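Notes to accompany the following structure.
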Amino acid sequence: MDESDFYGRLVPVRHDQIPALPEGSMTIPAIKDGICQRCATKINTTWRTPTSTYCWACANLGRLSDDQFLATIPEPNVFETDAMPCQWQGELTPAQRRVADEQVQALNAGRSHLTYAVTGAGKTEMLFPMLTVALQAGKRIALVSPRVDVIVELAPRLREAFKTDFVVLYGDSPETYRYTQLVLASTHQLLRFRAAFDVIVVDEVDAFPYAENVQLEGAVQRATKPQGCHFYLTATPSARLLRDVSKQRLRISLLPRRYHGQPLPNFTIIKIGNWRKKLSWRIQRILREYVISKQRFLIFVPHVADLTATLNEITRLQPSLKIAATHAGDPDRQGKVQAMRASELQALITTTILERGVTFKGIDVMILGADDPVFSQAALIQIAGRCGRSASRPTGKVWTGVTERTRTVIQARNEIRYLNMKGKQYDV
Amino acid sequence: MTCELCGRIQQGEWTLGDFFIFHQPQMLSICEACRQQFTRITGPVCAECGCQSQISPCAECEIWLTAGYPAIHNQALFAYDEQMQQYFKQYKFQGGYHLRDVFQEMLAQRLVKVAPTMIVPIPITTETQNQRGFNQVSAWLEKCEINEILTCISTSKAVQSMKTRRERLQTTQPFCLVTENLDLTGQRICIVDDVCTTGRTLRHASSCLYESGATQICTVTLAR
């Protein structure tokens, strides 16, 4: 193994491999005092083979047992820094510029920062000035997200915008680890790092499984250097993050306006009764209109079990409609999303898996059973945010079919209304 | 307790009687709903390999038998479907020893029905033992009396599941007895393994035992 593979990493080794480790490496036992040293989980009493104990909480990164050790070399920040790493040609709007400047200030002050920008505000592009400054300063940066889709989508955009070489790491990523200044990864992968990064950017910080997950929050903390700082990006911050802001532990930049300046499409709530039994005539009418207008749209349903039933019902009503259904476990998910993007499909039925991080140009959205507890307020706002993202069609409809007008749905609608009101006070 | 396969929180069912006798309901590491998804092999089966088949022996076993191999009389409990593969991935390949509890009782019940004089699990190589830390078959049979009289000849072998069918069928005898000159005369032996795919491993093990004088051999596998 190369020496650079150990920089700021935790590499599991067996006892007999320790003498062969490169010079300057430190080893710690993998499990100490009943605590896993990689993910800081307390070892359950059942996680025990006849000869050893193991940690099951981080076993999907390769099981660690107490006869193993973790080897690391403190991060030396040795990479060739480019004078002009950013080759992005685009232009930020004045509002985006303001947020980007605030991010650069936070970076220079070494303080953590929350960017609360509505869906479709251009969060990724806003990061570029801060990333450029950090790269020029020779800092090591991780760009992480709990959603693998977000990472997969981000990689080509970054590759275009930056000359800097980077690795993309997630569960079944085709790339193997190598030492780079910039790392693009899922939050789980940070468990393999120790005090490696000066800057960690967490995109979609409120998304499952990062939100309220002690293991992953700890992973981000431990992967950061003592003087390092974090940048959180979200369109729907949790109450906890906002509390950190009000306690002044975290600086915030608010951008309640999309890059094209149009307000966020809000929910059109329609009562559709028992939609699983029979699709309401109002939904049927909307479908008929879509077949004529060729408008593309997404349909969200609460559960995987609802997908096939809804798909069958809609194809029965509108046989000419090109429609497919996809979910988290679908092997052809990427293919269907691509087909939707290329307009080969007119509609896609899906679960909350596509609620964030994906952009289809000029689509409408329909939610069936929006009152189901699966759709949290944040999820609903994210779903509504799929709509009207392109400047060519900055508006759209969010048909929200409910059995009952629940508090969550009403609160989500009020939240969007509030953001739109707030957005009028801000420049584009 | 959270289910290891689907991650949902499972709650034990308490009955009024449980409160009075201070009995705690037993919980397995996999929830009831996930356990239902394993497909049990029912109905007409092939008496030779245990697969679901109208004719017995099935076409595949016919070839083995006409080639002169002794019958193994395999019984399989479950179909080797996606759910089972998921379980094996976590239990065997990721090394989740605590997942052994899911099938312990079912295998024990089946072995009581078979009623052999000796239960022999298929051994694993030293290398696998070091890496995984346990024999996945013996772990299931924790509560049964087992005789680990078989052992692997070489210390390492290519992983069976990575081989093609042809490669599997061409493997040479990988097993030998722990102690030479072990007398197995008059023993009715039941060999236990996790999956039976081609039956090659089981046949190797059974011929090894027949050579030492075993009278009757049958096999039980969790999946087929």
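Quick note: numbers below take in every heavy atom, side chains included, and nothing from hydrogens, waters or symmetry partners. Letters A, B, ... mirror the listed sequences (proteins, then strands); counts begin at 1. Computed from a prediction, not measured in an experiment: that's the story for all the values here.
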Glu145(B) atom CD, neighbour heavy-atom count above 12 within 6.0 Å | no

Quick one: sort the Trp140(B) and Phe103(B) rings into parallel, tilted or perpendicular, breaks at 30° and 60°.
-> perpendicular

Sort out for me which of Thr49(A), Asn44(A), Thr51(A) touches chain B most, counting heavy-atom pairs under 4.5 Å.
-> Thr49(A)

For Asp67(A), is it the side chain, the backbone, both, or neither that has a heavy atom closer than 4.5 Å to a heavy atom of chain B?
-> neither

Between Asp149(A) and Arg147(A), is there a side-chain N and carboxylate O pair less than 4.0 Å apart?
-> no

Side chain, backbone, both or neither: which part of Arg48(A) has a non-hydrogen atom closer than 4.5 Å to chain B?
-> backbone

Where does Glu82(B) contact chain A at under 4.5 Å (heavy atoms): side chain, backbone, both or neither?
-> neither

Search all heavy atoms of Tyr97(B) against all heavy atoms of Ala139(B) and return the closest pair with its distance.
-> CE1-CB, 3.5 Å

So what's closer than 4.5 Å to chain A heavy atoms on Glu4(B): side chain, backbone, both or neither?
-> side chain

Ser52(A) portion near chain B, given a 4.5 angstrom heavy-atom threshold | neither

Can you find a pair of side-chain heavy atoms, one from Leu177(B) and one from Leu150(B), that are under 4.5 Å apart?
-> yes

